Amino acid sequence: MNAKYTPQQIEEKWQRHWEAGKTFSVKEDSQKKKYYLLEMFPYPSGKIHIGHVRNYTIGDVVARYKRMRGFNVLHPMGWDAFGMPAENAAIAHGIHPSVWTNENIAHMKKQLKRMGFSYDWDREISTCEPEYYRWEQLFFLWMYEKDLVYKKTSMVNWCPDCQTVLANEQVEAGLCWRCSNEVSPRELDQWFFRITAYVEELLEHCDRLPGWPDRVLTMQKNWIGKSHGCELSFPMADGKGDIKVFTTRQDTIFGATFMLIAAEHPLVMELVKGKEREDEVREWVDKIKKHDKVMRISDYYEKEGIFLDTYCLNPVTKNKMPIYAANFVLADYGTGCVMAVPTHDQRDFEFAKKYNLPLIVVIQPPKKVLNVHTMTEAYVEEGILVNSGPFNGMENMKALDKIAEYLESLGRGKKTIQYRLRDWGISRQRYWGAPIPVVYCEKCGALPVPEQDLPVILPRDVELTGEGGSPLAKHESFVKTSCPNCNGPARRETDTMDTFVESSWYFDKFCCAAFNDKPGLDRKALDYWMPVDQYIGGIEHAILHLLYSRFFTKVLRDFGVIGVDEPFTNLLTQGMVCKETMKCRQHGYLFPDEAKEGRCIHCQEEVVIGKTEKMSKSIKNVVDPDYLIERYGADTARIFCLFASPPEKDLEWSDQGVEGSYRFLNRTWRIVMDYLDDIRDIAPFDGSSVLDGDLKNLRRKTHQTIRKVTRDIDDRFHFNTAISAVMELVNALYQVPRPAKEDLTALSVIRETVDSLMLLLAPTVPHFSEELWEMMGNKVNTADSPWPEYDPTVATEEEITIVIQINGKVRGRISVPIDEEEESIKSLARADEKIVKMIEGKTVIKEIYVPRKLLNIVVKEG
RNA sequence: GCGAGAGUGGCGGAACUGGAAGACGCACUGGACUUAGGAUCCAGCCCGCGCAAGCGGAUAGGGGUUCAAGUCCCCUCUCUCGCACCA
């Protein structure tokens with residue numbers, strides 16, 4: 001008899017069972033309702049960390065639950081296998097990135113299997129294989145044809161540490177998203193995906209994603225950054241041409257007194273060409289260009305500019321406006337030129353003060369009067385227009401449209417929309433990525449690789465030195481090729497694609513992993529499985545990955561490859577796993593096992609407990625999943641991750657909490673084992689006889705628990721409260737006096753409770769549940785059993801407590817049958833000794849009765 | 001600066017649409033069983049006064065709406081996250 005709970009043995013047994021029986025492999029089945037559950041696939045960095053454990057446990061519970069509810073569940077797993085760490089490891093240790101990556105994949109796969117996740121491993125994909133990335137090269141060609149791919153020379157974000165370009169989305173406050181080093185500008189030839197072609201749809205569809213957290217949608221909307229405004233043109237004072245600006249504040253046009261141009265803008269040098277100041281301006285521009293982006297956005301640099309010895313005219317006031325180049329104007333937003341209204345824009349105000357430029361107030365606030373001589377900051381609130389010709393006296397916000405129309409009638413402007421979103425630069429000067437399928441011919445220029453020549457396979461035999469630049473550029477047999485147009489000598493593109501390209505369509509590939517005909521995606525399979533019903537991953541991908549995936553889905557839809565507009569119907573962003581940090585004065589940060597009884601194991605110095613932060617190797621506050629599995633088993637790790645906090649919140653790791661979860665499993669195991677011999681051959685209670693007392697209560701509690709757990713999982717993924725409900729049921733089972741062996745009715749009620757417990761726990765602690773379930777003599781595994789149903793009649797309480805309030809304060813409680821009439825409750829309350837005393841001598845103004853909850857008697861003195 | 005979210009016992013967290021604040025777990029305290037237990041089972045556990053039944057207070061702080069507010073509204077404070085010279 002297996003009396004003791006030994007997770008290690010049980011877990012291996014069931015994992016073998018699932019693998020041998022291919023329990024979780026799925027096929028399209030038009031008879032069954034599909035459910036596609038996806039967790040963000042991992043980068044194979046080497047080992048699974050607790051963040052993965054949490055993410056995948058949440059997903060696994062939902063997948064297993066939906067399966068028990070009768071859905072045809074697709075729950076795949078794969079590897080986001082291209083990326084820089086592989087290349088860095090190659091440079092540091094002389095291992096080829098593919099070897100490093102594949103070894104990591106093998107190890108992490110083993111770890112995932114040890115967690116008991118219900119993946120369909122037949123669909124495993126690895127994005128670094130040509131069978132995968134060849135299709136994205138094909139999509140690239142199609143996009144090229146549709147003008148959704150283009151090349152341009154541009155200032156790019158260059159990370160000197162990673163030796164590569166970063167997309168705008170990958171620069172965080174001027175720092176590289178990966179290595180946190182400063183990003184500097186650099187001029188490079190880059191390939192771009194025209195994500196801006198879909199900007200309006202990407203924005204509009206945000207409102208069609210009710211299953212996404214508001215936070216993520218807001219972040220996406222802000223990132224897209226739609227602004228309504230005007231494009232205005234200001235004639236040059238010398239009559240030669242004009243300068244165009246974008247503004248959202250055309251209401252302030254009468255106050256525009258000077259013009260600003262981004263320092264990097266080509267117009268700057270054009271305007272001073274041949275003038276006395278040309279050299280001075282060039283020097284200044286060069287200086288500004290050298291400033292790091294990170295410095296320019298901080299307050300470190302003051303606003304500064306340089307006069308270009310040129311004027312334009314304000315189209316409505318006809319005033320002469322001096323033109324300056326300025327360091328704070330963005331070259332790639334709007335037209336790169338800005339009309340400056342110093343009275344109503346703080347930046348322009350500071351600039352005007354510094355260079356002694358004229359101010360004109362055009363908006364007066366409601367309560368005070370602005371004076372250009374005494375103003376200390378720009379007035380940016382709403383007000384009444386002044387000094388604005390025909391618009392004087394209007395509210396500035398209401399004048400926006402009128403002024404736009406007026407400027408339009410003058411032929412000086414038109415309403416436009418600007419977006420913050422820029423196109424997605426995908427060129428990376430790295431080796432370990434998908435080659436961009438392009439060749440350069442001396443005669444014919446840049447040409448896409450013909451479709452029949454795909455895939456462009458990433459060669460294996462390269463030398464990785466870490467000296468910068470792509471190693472592919474030095475690989476002669478890769479680089480040298482012939483022009484598809486003239487057959488003359490040509491060179492291949494040696495940049496590779498941003499790895500976010502692979503993760504923008506992997507969820508499609510999972511639907512048809514084995515499908516290898518053009519275009520690599522099987523429309524029939526996609527039509528069955530897509531969209532993903534539930535996507536789960538970290539909030540850190542709220543913009544990057546999720547926006548790119550949405551874009552790619554729309555592109556593939558327009559190619560007819562897929563039939564959905566949006567890839568992910570519901571999105572859950574799980575919180576981070578945090579833990580307190582520990583420090584020793586001599587040895588710095590300590591790993592958990594470097595501290596024993598509050599002392600450092602190296603020097604016996606007392607350990608200082610630091611603040612709780614996201615688990616990270618660099619501050620050593622990590623927990624090794626392997627250790628957890630060995631010590632407690634995967635089921636304990638799983639249930640703890642779910643129980644400690646709701647999934648969208650951060651989880652604070654607690655070793656004692658893990659112990660508590662382990663204790664709960666042991667406690668449950670013990671009571672089931674205790675009853676095992678008596679209930680193994682007994683069928684669950686079928687409702688054919690009338691129960692009372694403890695048994696009736698236990699059965700009610702059982703059905704209530706089924707109801708609670710079902711709702712908690714279904715409605716809101718609150719696994720923590722679902723688990724606490726199950727704990728209550730176990731506690732209730734312990735409270736029931738042990739029935740006699742002959743009391744078959746009692747034992748059948750116990751059996752019903754134990755069966756329900758195992759089924760309710762099956763998605764959370766699958767090995768544990770399967771083992772006990774099997775021991776109880778069940779023939780069909782929990783994984784293949786239907787989710788338990790509750791009987792609402794059984795779950796309903798018979799006696800309820802009605803709270804009696806006087807003036808909103810709880811003054812008593814009475815116990816009544818569930819269907820007690822309002823009138824009789826009122827008279828019961830009035831008869832209550834305590835209540836009588838409290839309302840004596842007072843006037844009852846009214847009584848508020850909330851059915852089955854409370855009675856509030858409102859009284860007043862006298 | 002702009003935007004979003006959060007603030008509840010010693011701790012993690014419950015409280016669904018306004019209706020018993022603190023479920024469940026951890027920690028702690030006591031008891032039982034034990035040679036022993038850091039195993040297990042049972043019980044107690046927001047704060048103040050009280051032997052007690054009870055009374056009063058309490059959901060960051062202040063105000064409001066309501067018969068009734070952790071929940072709705074307004075103001076203030078604190079923290080977290082995202083964007084950040086986007087004209």
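In what follows, chains are A, B, ... by sequence order, proteins preceding strands, each numbered from 1. Nothing here was measured: the structure is a model prediction, and the numbers come from that model.
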Choose from [options] the nucleotide whose nearest atom is closest to any side-chain atom of [X].
X: Leu854(A); options: G19(B), C83(B), C41(B); result: G19(B)
X: Thr247(A); options: A4(B), A84(B), A87(B); result: A87(B)
X: Ile848(A); options: C86(B), C85(B), C67(B); result: C67(B)
X: Val810(A); options: A21(B), G3(B), G13(B); result: A21(B)

Got a second to check how far [X]'s [atom1] is from [Y]'s [atom2], nearest 0.5 Å?
X: Met727(A); Y: Ser661(A); atom1: CE; atom2: OG; value: 6.0 Å
X: Ile845(A); Y: Asn807(A); atom1: CD1; atom2: CG; value: 7.5 Å
X: Lys415(A); Y: Leu400(A); atom1: NZ; atom2: CG; value: 9.5 Å

Does [X] make a side-chain N or O approach to OP1 or OP2 of [N] shorter than 4.0 Å?
X: Arg663(A); N: C26(B); result: yes
X: Tyr419(A); N: C86(B); result: no
X: Arg852(A); N: G19(B); result: no
X: Arg670(A); N: A39(B); result: no
X: Lys853(A); N: A15(B); result: no
X: Arg215(A); N: C83(B); result: no
X: Gln735(A); N: C42(B); result: yes
X: Tyr734(A); N: C42(B); result: no

Pairing check on C45(B): which nucleotide meets the Watson-Crick or G-U wobble criteria with it, both distances under 3.5 Å?
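Matched C45(B) with nothing under the 3.5 Å cut-off.
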Using atom [atom1] in both nucleotides, what's the gap between [N] and [M] to the nearest angstrom?
N: U17(B); M: U65(B); atom1: P; answer: 25 Å
N: C45(B); M: G22(B); atom1: P; answer: 12 Å
N: A14(B); M: G62(B); atom1: P; answer: 25 Å

Between Gln805(A) and Arg249(A), who's closer to the 5' end of RNA chain B by nearest nucleotide?
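Between the two, 5'-proximity favours Gln805(A).
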Starting from the 5' end of RNA chain B, give me the residue, Lys834(A) or Ile802(A), whose nearest nucleotide shows up first.
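Whichever sits nearer the 5' end wins; that is Ile802(A).
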Suppose we call two aromatic rings close when their centres sit under 6.0 Å apart. Are Phe258(A) and Phe351(A) close by that rule?
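Between Phe258(A) and Phe351(A), the centre distance is under 6.0 Å.
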Check every strand shown and say whether Ser227(A) touches a base, only sugar-phosphate, or nothing at a heavy-atom separation below 4.0 Å.
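Ser227(A): backbone/sugar contact only, no base atoms under 4.0 Å.
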Under 4.0 Å, heavy atoms only, any strand: does Glu580(A) hit a base, just the sugar-phosphate, or nothing?
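Nothing: the residue Glu580(A), judged by heavy atoms under 4.0 Å, touches no strand.
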Can a side-chain donor-acceptor contact be found between Trp212(A) and Gln220(A) if the only test is distance below 3.5 angstrom?
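Per modelled atom types, Gln220(A) and Trp212(A) side chains form no pair under 3.5 Å.
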Is it the case that C55(B) (base atoms only) and Arg811(A) (side chain only) share a donor and an acceptor within less than 3.5 Å, ignoring hydrogens and angles?
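Checked by distance alone, the answer is no.
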Nucleotide C11(B), atom P - distance to CZ of Phe643(A) in whole Å
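For the pair Phe643(A) CZ and C11(B) P, the rounded distance is 17 Å.
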Between Lys226(A) and Tyr419(A), is NZ or CZ placed under 6.0 angstrom from the six-membered ring centre and within 45° of the ring axis?
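Judged by the rule (NZ or CZ under 6.0 Å from the ring centre, within 45° of its axis), Lys226(A) is not positioned above Tyr419(A).
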N-O pairing of Asp345(A) and Arg249(A) below 4.0 Å:
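Salt bridge flag = no for Arg249(A) with Asp345(A).
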Of all heavy-atom pairs between Asn720(A) and Pro646(A), which one has the smallest distance, and what is that distance?
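Looks like ND2-CD, 3.4 Å.
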Does G5(B) fall in syn (glycosidic angle within 90° of 0) or anti?
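Judged by the O4'-C1' to base torsion, G5(B) sits in anti, the angle falling more than 90° away from 0.
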What parts of residues 717-731 of chain A reach RNA chain B, counting only heavy atoms under 4.0 Å away?
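The answer is Asn720(A), Thr721(A), Ser724(A), Met727(A), Glu728(A), Asn731(A).
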